[in-house]
Visitor: 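Can you read through this structure? Questions will come right after.
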Amino acid sequence: MTNALSDEDVPLSQRKSLAANKGVVDTGKKRKSATVKSETHDDDHVPLKKKRATAAAVAPTKAKSKSKEIKKEEKPAKSTASVKPSPSPSKASGKSTKMNGGSKPTSEPEYDSDDKPLAKRKMKKIDSKTDAEETSTQEKEEEEEEFYKWWEAESNDNSVKWTTLVHNGVLFPPPYEPLPSHVKLKYNGVPVALPPDAEEVAGFFGAMLETEHAKNKVFQSNFFSDFKDVLKQCGGSHLKIEKFEHCDFTDIFNYYEEKRIQKKAMTAAEKKKIKEEKDKLEEKYKVCYLDGRKELVGNFRIEPPGLFRGRGSHPKTGKLKERVMPEQVTINIGLNTPIPQPPDGHEWAEVKHDNTVSWLATWKENINGAQKYVFLAANSSLKGMSDFKKFEKARELKNHITGIRNDYTKELKDELMANRQRATAMYLIDVLALRAGGEKGEDEADTVGCCSLRYEHVAFKPPNTVVFDFLGKDSIRYYQEVKIDQQVYKNLKLFKKAPKKFGDQLFDRLDPPTLNRHLQNYMPGLTAKVFRTYNASKTMQDQLDKIENKGTVNEKYVAYNAANRTVAILCNHQRTVSKAHEQSVGKIEDKILEIKLQRYRLKLMMGQVDPEMKKSDPEYFQPDTELDDSTIERLIDQIVQREKDKVTKKFQKENEKRAAENGELLPESELTTRMKVVEELEAEYKKERKTGKAEIRNGMTVEKLQAQIEKLTERIVNTTLQLKDKEDNSTVALTTSKINYIDPRLTVMFAKKYNVPIEKLFSKTLREKFKWAIESADANWRF
DNA sequence: CCAAGGACTTAGTACATCGTGC
DNA sequence: GCACGATGTACTAAGTCCTTGG
């Protein structure tokens, strides 16, 4: 990306004229103070320092030396003894822990009969308890083990994540299973024998044939180029494969599809058995022992090979994600702890004992060269603690936000371009909840956040509406027409002014590190993302405050979701509407119409039973406005058809059953008889349409009809509400904000104060993740 | 100092499972 | 009791921010 107005790019003279132009923008303001200087480095420095000094006076920060000292103290005495997987055993343990081959019993964590790892027992001894004490407290500890209330413990050291760590390493995906010999890729219609490695890659694509990815040109070409590489590497094929267009993957696709169907069609018992086997295989990887406590591991599975599914228009989408070998995997584990055995005949890349990090294993992924990690599960103490800290940090922002807002409002008019940009960015991050927006590379999808916004991402509608239109994280579109602060409006116009052009950065004097450094002055640990957490939780609190404490649990639940939705919209959390959405909306709409039709028919009857009533209120007896003639015809056809289908289906089913039981089949005449009932119904509808008179069944009274009408009206109201809810929710993802942004204690507070079972608001996994919140917040808790 | 790399949070989607209305 | 939509979970990509090393 180009920095259009960086000092290097724009000569001083030009910059001056630029500055003059910029001044013009500030209509109606004192020219001199409003003029933005495009400063040289020297210019930049002096005022900046001054500004900082004043800012510091307003929002005092800790003396620099002091904060440095603190930082030093926080730094761990990093004990990152790194053991290369050579024959050298884990020295300290004194046991010979072979890294490869042989199956020494000590290579895997050993559990004794009460299922505790050795490390834990050692720990307990260290905990300096006499044996008697230990036995007496043993049971309690057993229980505590499951419910370690870290949030009630005092220690708060961030840097050391654990003292002992015991785990079983990672689970590798199963090896490739070659296709049966009759299933082959066809090239120009001719089946091709592929070496297994190449066949596997072709299979990745084949299995995805019907997905959107497989229709994407970039995906196709990335896949194909990698496929050819693999094919070449493993010896090629008798047929020269050169053109993607000539490849036919349908046989492969059908094969995998067939397999899927088979799997689905398995009996419950078969499925259960397979699941049990899988569970048994995975069991030992699922848990680890952190400081002697049992914790769940999150993603203990090494990611299987496949085709990279980059989001948005990712230049690398479709590339081959290679199989990860043990030789690429680094294990992190406690010192003096049995090292998990790599698969037979393999070695780990490295075994580390770094207690300043929380990962159990890591490897480098081949697409972007990024690190992948195996971490603990979301319900672990480690994750819980940092979650807790995140929200506490966001709450702390409460105490600074007024000052920060005052400052950036002032600085919106700062004469230093850099400061003005920073203030403007802070406004956008605070008010619109934009992300920081770091720089991105050429080989990534083109997405932006605040600092990386470009010329083409904003448009202006006087007097003060800005249209934001850009792709954010995950290539999710951010489109908002917002009325914003007049000065921010002016500033954004200024940042977009010529000579800036399409492709140029709006904030050419600002990047996330610069912004975050500034934020640290207000509050230690304050960064751009804290604003998102703060504003999300603050919004939730405000929304919940508005909810009246009355009505049914369901009503309160709906109100909670509405509050949740406000937050999700603020954070622009979206989901793609499912393919079935439109269809299902149509269905509900039809359902409402059908109920309305039935209600109208009841009214018709009532009018006949009591003509006086009809006379006194003819309006009431009119059909609903949507029920025009053609709609009614359509609905009737629909109802009749559905009934017919039902009868046929039921008939067929009964016969199937009879056939299975070796009994006599029902005669066709039975079907005809049954169908008669539907035909009578149809005739009744038709007659009713023709004559405008309904058939009155005996025993019908006005009272009964009225009761039925009321019931239908209620159903119409409910279904309409349901439909609206569905529409409103169709593109909004509530879960992301629930999991990451809304302080869970708010939800707990709501549950307790409004007597809504927490189970209704948090799923089981969420309850486990937010256990700390559930146990620590009460009905009066506030963010 | 700054670019690259490392560690961790945040994100939507694909798929599994649940539960509910017919 | 079953089909289907809703809900929940697993997965892994894509961010942020900090640390590291040249």
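Worth knowing before you read on, the calculation uses all heavy atoms, side chains too, and leaves out hydrogens, waters and symmetry mates. Naming: A, B, ... by sequence-line order, numbering from 1 per chain. Values in this document were obtained by computation on a predicted structure and should not be read as measured data.
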Visitor: Could you give the NZ-to-C1' distance, from A/K769 to C/dA10, as a whole number of Å?
Guide: 14 Å
Visitor: Counting the atoms with a prime plus P, OP1 and OP2 as sugar-phosphate, which does A/L766 contact under 4.0 Å by heavy atoms, base, sugar-phosphate, or nothing?
Guide: nothing
Visitor: Where the side chain of A/R311 meets the backbone of A/D474, is there a donor-acceptor pair that is under 3.5 Å apart?
Guide: no
Visitor: At under 4.0 Å between heavy atoms, what does A/R260 touch on the DNA or RNA strands: base, sugar-phosphate, or nothing?
Guide: nothing
Visitor: When all nucleic acid strands are considered with a 4.0 Å heavy-atom cut-off, which category describes A/T735: base, sugar-phosphate, or nothing?
Guide: nothing
Visitor: Can a donor-acceptor pair be found, under 3.5 Å and without considering hydrogens, that links the side chain of A/N299 to the backbone of A/R301?
Guide: no
Visitor: Hey, can you tell me if A/F223 and A/F205 have their rings parallel, tilted or perpendicular (30° and 60° cut-offs)?
Guide: parallel
Visitor: Where each residue is assigned the nucleotide of DNA chain B containing its nearest heavy atom, which of A/H213 and A/D387 is assigned the position nearer the 5′ end?
Guide: A/D387
Visitor: Are more than 12 heavy atoms, taken from residues, nucleotides or ligands other than A/K215, located less than 6.0 Å from that residue's NZ atom?
Guide: yes
Visitor: With 3.5 Å as the limit, what N/O pairs link the protein to nucleotides 5-8 of chain C?
Guide:
unit_1: C/dG5; atom_1: OP1; unit_2: A/K587; atom_2: NZ; d: 3.2
unit_1: C/dA6; atom_1: OP1; unit_2: A/K726; atom_2: NZ; d: 2.7
unit_1: C/dA6; atom_1: OP2; unit_2: A/K726; atom_2: NZ; d: 3.3

Visitor: Indicate the ring-plane relationship of A/F300 and A/Y285, choosing parallel, tilted or perpendicular according to the 30° and 60° boundaries.
Guide: parallel
Visitor: Is there any ring-ring contact (aromatic ring centres under 6.0 Å, His included) pair reaching into residues 303-323 of chain A, and which pairs are they, with sequence neighbours excluded?
Guide: A/F308-A/H314
Visitor: Near DNA chain C, under 4.0 Å by heavy atom, which residues of residues 373-381 of chain A?
Guide: none
Visitor: Find which nucleotide of DNA chain B each of A/Y741 and A/T362 is nearest to by heavy atoms, and output the residue with the more 5' nucleotide.
Guide: A/T362
Visitor: Which two nucleotides bound the region of DNA chain B that has atoms under 4.0 Å from heavy atoms of chain A, read 5' to 3'?
Guide: B/dG6 to B/dC22
Visitor: Are the side chains of A/S737 and A/N564 in touch, meaning some heavy atoms are under 4.5 Å apart?
Guide: yes
Visitor: Would A/E277 and A/K272 count as a salt bridge (charged side-chain N to carboxylate O under 4.0 Å, His left out) if you check the C-alpha gap in whole Å, the side-chain angles of each, and the deciding distance to 0.1 Å?
Guide: CA-CA 9 Å; A/E277 279 166 16; A/K272 200 181 159 200; over 6 Å; no
Visitor: Does A/E444 have any side chain to side chain donor-acceptor pair (under 3.5 Å) partners at least two apart in sequence or in another chain, and if so, which?
Guide: none
Visitor: If I compare all heavy atoms of A/Y256 with all of A/A207, which pair ends up nearest, and what's the gap?
Guide: CD1-CB, 3.8 Å
Visitor: Once you measure the plane-to-plane angle for A/Y373 and A/F375, does it fall in the parallel (<30°), tilted (30-60°) or perpendicular (>60°) bin?
Guide: parallel
Visitor: Could you list the protein-to-nucleotides 12-16 of chain C atom pairs, N/O on both sides, closer than 3.5 Å?
Guide:
unit_1: C/dA13; atom_1: OP1; unit_2: A/K321; atom_2: NZ; d: 3.0
unit_1: C/dA13; atom_1: OP2; unit_2: A/K372; atom_2: NZ; d: 2.4
unit_1: C/dA14; atom_1: OP1; unit_2: A/R311; atom_2: N; d: 2.7
unit_1: C/dG15; atom_1: OP1; unit_2: A/T447; atom_2: OG1; d: 2.8
unit_1: C/dG15; atom_1: OP1; unit_2: A/D474; atom_2: N; d: 3.1
unit_1: C/dG15; atom_1: OP2; unit_2: A/K440; atom_2: NZ; d: 2.4
unit_1: C/dT16; atom_1: OP1; unit_2: A/A436; atom_2: N; d: 3.4
unit_1: C/dT16; atom_1: OP1; unit_2: A/G437; atom_2: N; d: 2.6
unit_1: C/dT16; atom_1: OP2; unit_2: A/G438; atom_2: N; d: 3.1

Visitor: Going through the distances and angles, do A/T356 and A/K161 end up as a side chain to side chain donor-acceptor pair (under 3.5 Å)?
Guide: CA-CA 5 Å; A/T356 68; A/K161 305 281 167 87; over 6 Å; no
Visitor: Would you say A/K372's side chain and A/A361's backbone share a donor-acceptor pair under 3.5 angstrom?
Guide: no
Visitor: Classify the nucleic acid contact of A/T576 as base, sugar-phosphate or nothing, counting any heavy atom under 4.0 Å across all strands shown.
Guide: sugar-phosphate
